[in-house]
Each structure stands twice: as C-alpha cells, then as structure tokens.
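Report on the following structure.
Reminder, nothing fancy here: chain letters follow the sequence lines and each chain counts from 1.
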Protein chains: 2
Amino acid sequence: MSIPTVHQVLNGYNVRFSAETRKKVLEAAKELDYRPNIAARGLRARKSFLLGLQFNAVNYPLIAGFTRGFQQMCTAQSYAPIFLTHVSTEDEAENCRTLIDRRVDGLIVNCAVGTTGASNAGRFAEMRQAGTHLVEVFGRFVDGAPRVTLDYRAGAVASTELLIAKGHKKIALFTHSDYRTSERIPGLYWTAWEHWRGYEETMRQAGLEPTTIAYQVSGDRTREGAHYFSAYENAKLLLNHPAKPTAAVFYRGEAVEAILHYASANPSAAPEGFGISVFDRVAPTHSDAISLYALPQPIEDVGQAAAKLLLDSIAGREVESIAMGPKKP
Amino acid sequence: MSIPTVHQVLNGYNVRFSAETRKKVLEAAKELDYRPNIAARGLRARKSFLLGLQFNAVNYPLIAGFTRGFQQMCTAQSYAPIFLTHVSTEDEAENCRTLIDRRVDGLIVNCAVGTTGASNAGRFAEMRQAGTHLVEVFGRFVDGAPRVTLDYRAGAVASTELLIAKGHKKIALFTHSDYRTSERIPGLYWTAWEHWRGYEETMRQAGLEPTTIAYQVSGDRTREGAHYFSAYENAKLLLNHPAKPTAAVFYRGEAVEAILHYASANPSAAPEGFGISVFDRVAPTHSDAISLYALPQPIEDVGQAAAKLLLDSIAGREVESIAMGPKKP
DNA sequence: TTGAAAGCGATACCAG
DNA sequence: CTGGTATCGCTTTCAA
C-alpha cells in the first residue's frame with residue numbers, strides 16, 4: 001500500500017478507494033495507533049498549528065479561567081497554545097519574538113503598559129496590518145485589532161438592577177477616582193468609565209438618584225492589594241455618606257472584600273441590611289452584616305471567544321470584537 | 001552560496017570557512033533577519049522543542065509564578081511550553097493525548113486526584129518507564145518520577161524559628177486535621193505531615209513544648225475557600241486554647257486570612273501581640289491586632305527548577321528530585 | 001482506483 | 001573549504 005493511498009483514506013477521501021483497501025488501511029492505522037505528526041503536516045502547509053498566548057502577569061487571577069476556555073476551543077481544531085507571561089513591555093517584546101520564531105499561526109495579546117504609558121501596542125498594530133492574525137483580550141490598546149473584553153457597562157446594569165430588584169432605592173456606586181478620566185487616556189480606565197455609565201443609566205431609568213463615591217488609589221495601582229487597602233481606608237466615604245445609601249454597586253471585587261472586612265471589624269458602621277453587588281470575583285469571606293451579590297465575570301467564555309475569533313481570523317473569516325457581560329443567573 | 005554552507009556558518013562551524021564566505025553569509029542573514037524554522041529543524045532531529053505543561057486547575061494560584069520561572073528556563077534553550085489545565089482525571093488524560101500528539105519532548109505533571117483517590121499516576125509512571133521525559137511538580141503521585149516540591153518541613157522550621165526569634169515561647173501549630181494521616185494515604189496530605197514534623201522538631205530542639213491544634217475541613221476540601229471557612233469556624237480552638245499560645249505557625253495562608261478576619265471582628269479574641277507565621281502566600285488584609293510573618297513559597301523557582309530537571313532529563317543527564325524551602329529573607 | 005514524485009526547511013554526511 | 005544529496009513525516013498533484 002502506498003503512502004498517498006493511506007493518507008487519502010485516513011483523511012476522508014474515501015470515495016476514491018475500494019472498500020477493501022479502506023478497511024485494510026483503517027485497521028492497520030488502528031492497530032499501530034497512528035497519529036499524524038502535526039509539525040510535519042505544518043511544514044508542508046506552512047503553518048505551525050500553534051497559537052501564542054501572551055498574558056500580562058498582573059492579570060494572573062484571570063489566567064486559569066481564560067486558558068481553560070481557550071484550550072477547549074483550540075485543541076478541538078488541533079491547535080495548541082504556547083503560553084507566556086510578561087511583567088514589562090520588554091518582557092512582552094521578547095516573548096513576542098519567541099512566538100514569532102515559533103511561527104505561531106496567531107497571537108493573543110494582553111498588553112503591558114509601563115508607568116509612563118509606553119506599550120508595544122503600536123508594534124502589535126503594525127504586525128496586524130502586516131497580516132499577523134491577532135486578537136486582543138481584556139484591553140483596548142491595539143488599534144484596529146479584534147478584541148474580546150468584559151462588558152463593564154452590562155455588568156453595572158445587571159448589578160444595579162439586582163439591587164433595585166431587592167427593593168433598594170438609595171444605591172451608591174463605589175468606584176475608584178479615575179472613573180471619569182478614561183475619555184482622555186486611551187486604553188486606561190475605560191472599564192471604570194463604562195461601568196459608571198451603566199450605573200447612571202440604570203439608576204436614571206429607574207427614576208433613582210445616582211450617587212457616585214470614589215476612592216483614591218494611591219501609588220502604583222498595579223501593586224498587590226492596591227484597591228483593597230485604598231477601599232478599606234476610604235470605607236467611611238461610603239458608609240457615612242450624607243446620602244445614606246442602603247446599598248452599593250462596586251467596581252472591584254477587592255474593594256468589596258475591603259468593605260466586608262471593615263464592616264465586620266466595625267459592627268455599627270454599615271446600616272442594617274446593607275447590600276452590595278459587583279461584577280467581579282470576590283474571595284471567600286466571612287460576613288454577616290452585609291448581603292453580597294457577586295456576578296462573576298465570564299472569564300472562561302472570554303477565553304473561548306478569543307480562541308474562536310483567532311481561529312476564524314486564521315481561516316480567513318470575518319471577525320468582530322465582542323464584549324461579554326455577566327451570565328444570567 | 002549553497003544551503004549547507006550557509007547552515008554551517010550560521011551554526012558556528014566557522015573554522016572550516018574562509019573569512020569572506022563567513023562575512024557574506026552573516027551579513028545576508030542579518031539583512032534578511034533570518035530565523036531558523038524550529039519545526040523543520042525538529043522534523044529532522046525527531047524532536048519538537050516543545051514541552052508540555054499540565055496543571056491541575058485547583059492549583060491556579062501557583063500558575064502565574066510557576067509558568068514565569070518555567071518559561072525563562074526553557075525559552076533560553078529554544079524550547080517553548082504548551083500549557084494545558086485540567087479539572088479532572090479525564091481532562092488530564094485528554095490533555096496528555098493532545099501533548100503526545102504534538103510530540104512534546106517532555107512533560108510536566110501535576111496530577112489530578114478524584115474523590116475516590118483515582119488518578120493517572122499509574123499511566124504516567126508507565127510512560128516514564130517507556131522513556132517519556134517527565135517531571136512531577138507539587139505532588140508525589142507518580143512512582144519513580146523526578147519531582148520538584150515545596151519543602152514544607154523547611155517551611156515549618158523557618159516559620160517556627162522566626163517566632164522563637166521574636167521571643168515567643170508558647171507557639172502552637174494550627175493545621176488541618178489530616179496532618180497525621182499522610183503516612184497511610186500515599187500522595188495526599190504529606191505536606192501537612194512534613195510541616196508538622198518540622199514544627200515539632202524545631203520546638204523540641206528549642207526546648208519548647210509543641211501544641212498542635214487541628215481544624216476539621218468538612219466536605220470537599222478542594223472547593224473554593226474550604227480552608228478559610230473551616231479555620232474561621234474553628235478560630236476559638238486556637239485563640240481559646242488552654243495552653244494559651246502567644247503565637248502560632250500556620251499550615252495554610254487561607255487559614256491565616258480567616259484568623260486575621262476573625263480577630264478583627266472579635267477584638268478581644270486574640271491576646272495582645274499575637275504572632276502568626278506561615279510558609280504560604282497571604283492575601284492583602286487589614287489587621288492591627290496580629291503580627292504576621294509570611295514566608296512566601298518560591299513558586300517561580302519551582303518553575304525554573306522543573307524546567308531545568310526536564311531539560312536535563314531530555315539531554316540525557318542525571319536528574320534528582322528537589323524540595324524547595326522558603327527563601328532566606 | 002492507485003502510486004510516483006515533488007516539496008516544506010533544516011541538518012548530516014560525504015565526496016570533490 | 002565547499003556543496004550535492006538524502007532525510008525527517010506529511011500533503012498535493014498528476015500520471016498510470
């Protein structure tokens with residue numbers, strides 16, 4: 001039996017062959033547990049069947065969920081992910097080099113941004129122009145790139161509606177102080193901005209007065225616990241606010257944890273029946289004073305969607321950016 | 001200029017060639033930004049220069065650190081990691097299949113264990129026997145495999161010594177109730193056991209009386225926050241213990257968080273100046289009553305070491321298992 | 001219905 | 001010193 005014959009049969013061009021030939025080939029393949037060599041196939045096809053997954057290490061809580069969704073999608077099409085993380089733009093550039101040397105068929109980008117605002121976004125945009133298949137995730141830095149993001153507006157809408165449904169009327173928004181600056185700094189803080197818009201819109205539509213309370217995040221906001229400590233220190237801003245809110249929508253799960261801890265350390269600080277909702281993960285925490293409604297972010301779905309977009313792009317199909325809100329409970 | 005000539009020059013067999021030839025080749029290579037195709041090289045060498053990285057998703061807090069260490073080591077030798085996570089033994093088997101189909105040159109294993117104790121450890125042991133290069137991390141399931149683990153004994157020794165150095169004499173150990181069963185269940189709870197041994201040994205050597213206090217973890221202990229809630233509910237076991245400890249060595253960071261929260265919610269519960277030390281990561285938490293000394297686990301180093309072991313094994317060198325304790329502060 | 005042959009990009013061997 | 005040639009495993013084309 002010749003190599004091409006075997007090949008044809010194994011790859012489904014069965015019409016051309018006699019039943020007997022087919023049977024013999026199939027049996028032999030099974031017996032030998034034949035598995036095609038993907039690298040060799042790729043050499044011929046000028047592909048690697050490898051996808052590069054670049055992640056900013058500050059987003060480490062997202063990694064596990066994202067990669068799970070991603071691998072489900074891509075291994076089903078016999079692609080495999082090469083996963084690399086970076087902590088700086090230099091790191092990122094080096095990892096990118098590694099991936100290109102590997103001839104990856106596509107790239108997931110999760111930009112690093114230096115304290116000065118420097119990033120590799122421009123380079124990525126050029127690469128995309130030059131034909132590299134690339135999808136950006138959890139960010140809006142690379143011009144023109146298809147992206148998968150979290151829909152913070154939808155998250156805020158759902159969070160606010162949830163508290164309204166629980167009967168709350170005085171619902172505050174507790175967010176960080178840069179929620180309004182996102183218009184001016186491209187790529188940064190837009191999630192807080194959209195979140196705020198979603199909150200305001202929902203409150204207004206319900207005929208309720210929005211009250212936005214912002215805490216300042218001091219120093220490097222990517223440092224461990226930056227939001228936690230800032231929120232803790234500013235807990236009174238929320239709990240002693242003149243508008244006397246009975247509930248609050250939060251922008252960050254970390255800030256929720258801080259208020260939960262503050263409230264249990266200061267039993268009279270939070271009004272009876274205070275409610276909190278948030279579009280984020282909240283770490284397991286003991287709390288009796290406050291009712292917490294966490295709408296988890298669909299991180300795994302983001303991973304799946306990103307893989308799908310990337311594979312579609314590689315296959316030459318049209319792709320469109322997606323923003324993913326909270327799952328219906 | 002012929003292909004082999006170029007090849008030879010580019011790969012450092014320079015002695016054989018005239019200076020002029022060398023120069024021409026090198027210049028052309030630079031100008032064209034020549035990068036060898038690793039897949040093609042691998043086809044000929046019957047290698048893939050790919051390493052499979054299988055991680056149990058329950059260990060997600062370790063992923064970011066581990067992969068960073070791992071990638072540093074392996075990209076330096078022009079290997080790249082394919083990263084896959086599993087949540088069950090079936091998942092793990094499927095991922096393993098994916099990696100083998102990819103002809104990975106080596107495998108990092110982080111076993112899943114079902115509630116019945118079932119695992120793929122046997123299969124991995126066979127694969128190793130059959131010549132697959134494989135390194136186990138954070139576990140002791142695969143018979144005969146070289147592994148990189150955390151040295152919980154050293155962690156406990158350092159934790160205990162630290163509290164002794166701070167002047168504490170009544171130092172308890174706060175751990176979960178299965179710390180003694182590890183002798184009987186291979187692969188499970190051995191970290192708690194070693195940790196306990198390290199604590200006892202250090203206390204005895206210092207002429208102090210060890211007091212081990214254990215909390216029961218109810219239900220599925222891999223569920224989110226299992227240790228946190230169990231420790232919280234059993235906080236009194238530690239803080240009201242008849243031996244009146246002034247400090248405690250903890251086995252888990254999560255349990256530390258629980259006690260910190262409990263103590264700030266119950267201000268008189270912890271004695272003045274209570275000290276806690278732990279060989280683990282502790283999430284950022286506001287706390288004034290308790291002095292916390294966290295000795296971080298060297299997760300990134302584990303990643304590096306695992307990559308080194310695997311690459312050594314692939315290169316045919318002898319490899320030996322490593323246990324990594326806390327870094328000297 | 002089948003198989004011979006070319007080629008993907010790199011490497012190894014050996015003859016000139 | 002230099003280059004022709006075979007080879008890795010797979011896919012495609014075309015002739016028999």
>> Quick check: on DNA chain C, is the nucleotide nearest P4(A) upstream (toward 5') of the one nearest P4(B), or the reverse? Name the residue that is more 5'.
In response: P4(A)
> With respect to the phosphate group of dG3(C), does any side-chain polar atom (N or O) of T5(A) fall under 4.0 Å of OP1 or OP2?
Replying inline: yes
> Taking atom C1' of dG9(C) as reference, at what distance in whole Å does atom CG of D101(A) sit?
Replying inline: 14 Å
> So D301(B) and K327(B), salt bridge (Lys or Arg N to Asp or Glu O under 4.0 Å) or not? Walk me through it.
Replying inline: CA-CA 10 Å; D301(B) 296 348; K327(B) 298 219 189 203; 2.9 Å; yes
> Between R140(A) and E194(A), is the closest basic N to carboxylate O distance under 4.0 Å?
Replying inline: yes
> Starting at the 5' end of DNA chain D and moving along, which residue's nearest nucleotide shows up first, T21(B) or N37(A)?
Replying inline: T21(B)
> Between dC8(D) atom P and F49(B) atom CZ, what is the distance in whole Å?
Replying inline: 17 Å
> Could you state the CG-P distance from L10(B) to dA12(C), rounded to the nearest angstrom?
Replying inline: 14 Å
> Can you tell me how far C1' of dC8(C) sits from CZ of R103(A), to the nearest Å?
Replying inline: 12 Å
> If you check the Q8(A) side chain, which of dC8(D), dA10(C), dT12(D) turns out closest?
Replying inline: dT12(D)
> Could you give the CG-to-P distance, from L43(A) to dT11(C), as a whole number of Å?
Replying inline: 12 Å
> If only side-chain N and O atoms of H7(A) are considered, is one of them under 4.0 Å from the OP1 or OP2 phosphate oxygen of dC10(D)?
Replying inline: no
>> When you compare the side chains of N95(B) and Q54(B), does any donor N or O come within less than 3.5 Å of an acceptor on the partner?
In response: no
> When all nucleic acid strands are considered with a 4.0 Å heavy-atom cut-off, which category describes I3(B): base, sugar-phosphate, or nothing?
Replying inline: base
> From dA12(C), dC10(D), dT2(D), pick the nucleotide closest to the side chain of Y34(A)?
Replying inline: dC10(D)
>> Classify P36(A) by what it touches in the nucleic acid, base, sugar-phosphate, or nothing, heavy-atom distance under 4.0 Å.
In response: sugar-phosphate
> Taking OP1 and OP2 of dC8(C), is either one under 4.0 Å from a side-chain nitrogen or oxygen of R41(A)?
Replying inline: no
> Please give, in whole Å, the distance from dT1(C) P to R22(A) CZ?
Replying inline: 12 Å
> N11(A) has an atom CG; how far is it from atom P of dC10(D), in whole Å?
Replying inline: 10 Å
> Is the closest basic N to carboxylate O distance between E320(A) and R147(A) below 4.0 Å?
Replying inline: no
> Are any of R44(B)'s side-chain N or O atoms less than 4.0 Å away from OP1 or OP2 of dA6(D)?
Replying inline: no
>> Determine whether R281(B) and E224(A) satisfy the following criterion, salt bridge (Lys or Arg N to Asp or Glu O under 4.0 Å), listing intermediate values before the conclusion.
In response: CA-CA 12 Å; R281(B) 179 182 181 278; E224(A) 188 79 56; 2.6 Å; yes
